[in-house]
Protein chains: 2
Amino acid sequence: MRLTRAGEYGIRCVLHLARHGKGALVSRKEIAVRTDVPPHFLAKIAQQLSRAGIIEILQGANGGYRLLTDPSGITLLAVIEAIIGEISLNDCVGRPESCQNSTLCTVHRVWNKANQQLRATLQETNFATLASEEACCLTPFPETGDHKRPNGKK
Amino acid sequence: MRLTRAGEYGIRCVLHLARHGKGALVSRKEIAVRTDVPPHFLAKIAQQLSRAGIIEILQGANGGYRLLTDPSGITLLAVIEAIIGEISLNDCVGRPESCQNSTLCTVHRVWNKANQQLRATLQETNFATLASEEACCLTPFPETGDHKRPNGKK
DNA sequence: TCTATATAAGACTAAATATATCTTATATAT
DNA sequence: ATATATAAGATATATTTAGTCTTATATAGA
Ligand code: SF4
Ligand code: SF4
């Protein structure tokens, strides 16, 4: 009953992009370093985010990733489910046919309720809110300890 | 982000016992057959429920399992966590030290909230309620289609 | 006491999933 | 053209899940 690393990394990636704003291009390498995600693993995660329509991937020299929509329109739920699929706390929630008793089962109803509640909570949170707060979950730049470089140098 | 089979089986086991009431002795075999759980797997799960103080295990001929407390005092949460450990939706919820940013991280706070909410929902449900309702998630007896045998024969 | 029956406890196995990494191909700025 | 960057899929490893097997122990009843 735990989010996968891939899911966690996906959130970090989108959060980092959100801090740069919609449309800003950020290289995979920078995201990988700043969010402490293995670069090749990030590539796979980015592909899933891309298929879900959350980010756009630009190939070639000076390529990278960027958000397709405004951070305020991207929910935590959307990012998580783009990576790990629709949240289902018990097998019978996502696939009622996996248990022949699901239509009658009182436990099943509790799981359905809990599942819906969890998804609602994650849907309430968007990345504009997350990115706007001072505190963040990204690795600071070693030289300054800041999360944003004071100048534009690489 | 899914309950394990062991967790699901633990719930079935306790629900079956709850339908017989506190203190009623039911053989492992009957529980295994009626809830569609592999007998040896059920044995392991029962040991965890026993350590958690939810059931008592009686060895020897005519042995079996029985509830130690009234079903109304046993929550869905208690049974699940006896099997899979404390629910933690993200690694940093259960082990904040696993991510050095957890004290500042805004995402972390969302996870904490969602986790607490989920646990609260599962704690609201007790096995007296689950067992009292007509519908249930146990395999009916083949002969009658009922969930309770009309007489005491094995 | 002996035997049949039941669970205890832990070792063991198989399958699935998670967590990456590696390789080859493709796209783009310069 | 070349250097740089990501795409896409194959491969590898580790962990977890799910279930089985074996040997030991406890109890009821003959
Ligand atoms: S018994 Fe109920 S809770 Fe368990 S898998 Fe079946 S429908 Fe779901
Ligand atoms: S970055 Fe935040 S949400 Fe992610 S693991 Fe660390 S504390 Fe938790």
Side-chain angles (χ1 to χ4, degrees), chain A residues 1-13 16-17 25-33 35-52 54-66 68 80 82-85 87-91 94-95 98-99 154, chain B residues 1-13 17 25-33 35-52 54-66 68 80 83-85 87-91 94-95 98-99 154:
Chain A
M1 197 96 83
R2 235 190 70 230
L3 184 70
T4 61
R5 297 301 289 167
E8 162 68 23
Y9 292 161
I11 294 168
R12 292 189 195 179
C13 173
H16 189 79
L17 288 171
L25 186 66
V26 184
S27 75
R28 185 186 69 175
K29 183 174 181 178
E30 174 182 330
I31 300 172
V33 170
T35 61
D36 195 26
V37 174
H40 283 90
F41 201 2
L42 179 56
K44 298 201 69 99
I45 292 164
Q47 285 158 30
Q48 292 179 275
L49 292 172
S50 168
R51 279 185 222 115
I54 295 169
I55 69 171
E56 182 185 26
I57 298 174
L58 297 190
Q59 288 196 48
N62 303 331
Y65 309 145
R66 70 171 152 217
L68 278 175
I80 292 166
I83 308 294
I84 67 169
I87 287 175
S88 173
L89 290 174
N90 197 356
D91 199 37
R95 303 188 307 117
S98 70
C99 182
K154 173 73 183 305
Chain B
M1 197 95 83
R2 234 191 69 229
L3 185 70
T4 61
R5 297 302 288 168
E8 162 69 21
Y9 292 162
I11 294 167
R12 291 189 196 178
C13 173
L17 287 170
L25 185 67
V26 184
S27 75
R28 185 186 71 176
K29 182 174 181 179
E30 175 182 329
I31 300 172
V33 170
T35 61
D36 195 26
V37 175
H40 282 90
F41 201 1
L42 179 56
K44 297 199 71 99
I45 293 163
Q47 285 158 31
Q48 292 180 274
L49 292 172
S50 169
R51 279 185 223 115
I54 295 169
I55 69 171
E56 183 185 25
I57 299 175
L58 297 190
Q59 288 196 48
N62 302 332
Y65 308 145
R66 69 170 152 218
L68 278 175
I80 292 166
I83 307 295
I84 66 169
I87 288 175
S88 174
L89 290 173
N90 197 357
D91 199 36
R95 303 189 307 118
S98 70
C99 182
K154 173 74 182 308

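Below, chains carry the letters A, B, ... as their sequence lines are ordered, and counting in each starts from 1.
- Taking atom CZ of residue R12(A) and atom C1' of nucleotide dT19(C), one finds them 14 Å apart after rounding to whole Å.
- A straight line from CG of L25(B) to C1' of dT5(C) spans 13 Å, rounded to a whole angstrom.
- For E56(B) (side chain) and L68(B) (main-chain N/O), no donor-acceptor pair under 3.5 Å exists by modelled atom type.
- Note on Y9(B): every side-chain N or O is 4.0 Å or more away from OP1 and OP2 of dA18(D).
- The distance between atom CD1 of I84(B) and atom P of dA18(D), rounded to the nearest whole Å, is 10 Å.
- At whole-Å resolution of the value, CZ in R2(B) and C1' in dA18(D) are 11 Å apart.
- Contacts with DNA chain D (heavy atom under 4.0 Å) in residues 38-50 of chain B: P38(B), H40(B), F41(B), K44(B), listed by number.
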| field | Stepwise side chain to side chain contact (heavy atoms under 4.5 Å, CB included) test for D91(A) and C99(A) | value | CA-CA 8 Å; D91(A) 199 37; C99(A) 182; over 6 Å; no
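- As rounded to whole Å, 12 Å separates atom P of dT20(D) from atom CZ of R5(B).
- Shortest non-hydrogen contact noted between N62(B) and L25(B) is O-CD2, 3.3 Å.
- The CG atom of D91(B) sits 13 Å away from the C1' atom of dA18(C) (whole-angstrom rounding).
- With values rounded to the nearest 0.5 angstrom, Q47(A) atom CD is found 10.0 Å from I45(A) atom CD1.
- Listed here is the closest heavy atom pair of I87(B) and M1(A): CD1-CE, 4.0 Å.
- With the nearest nucleotide of DNA chain C identified for both R28(B) and M1(B), R28(B) has the one nearer the 5' end.
- Here the CD1 atom belonging to I84(B) is positioned 11.0 Å from the CZ atom belonging to R2(B), to the nearest 0.5 angstrom.
- Residue L17(B) comes nearest to Y65(B) through the heavy atom pair CD2-O, 3.5 Å, listed as atom of the first residue, atom of the second, then distance.
- Atom CD in E30(B) sits roughly 18 Å away from atom P in dT5(C) (whole-Å rounding).
- Atom CZ of F41(B) sits about 9.0 Å away from atom NZ of K44(B), to the nearest 0.5 Å.
- Interatomic distance, OG1 of T4(B) versus CD1 of I83(B), reported as 8.0 Å (0.5 Å rounding).
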I'd like a list of close polar pairs between nucleotides 26-30 of chain D and the protein, N/O only, cut-off under 3.5 Å.
{"from": "dA26(D)", "atom 1": "O4'", "to": "Q59(B)", "atom 2": "OE1", "distance (Å)": "3.1"}
{"from": "dT27(D)", "atom 1": "O2", "to": "A61(B)", "atom 2": "N", "distance (Å)": "3.2"}

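- Close to dA7(D), at under 4.0 Å from its OP1 or OP2, lies a side-chain N or O of Y65(A).
- For the pair I55(A) CD1 and dT6(D) P, the computed distance is 11 Å after rounding to whole Å.
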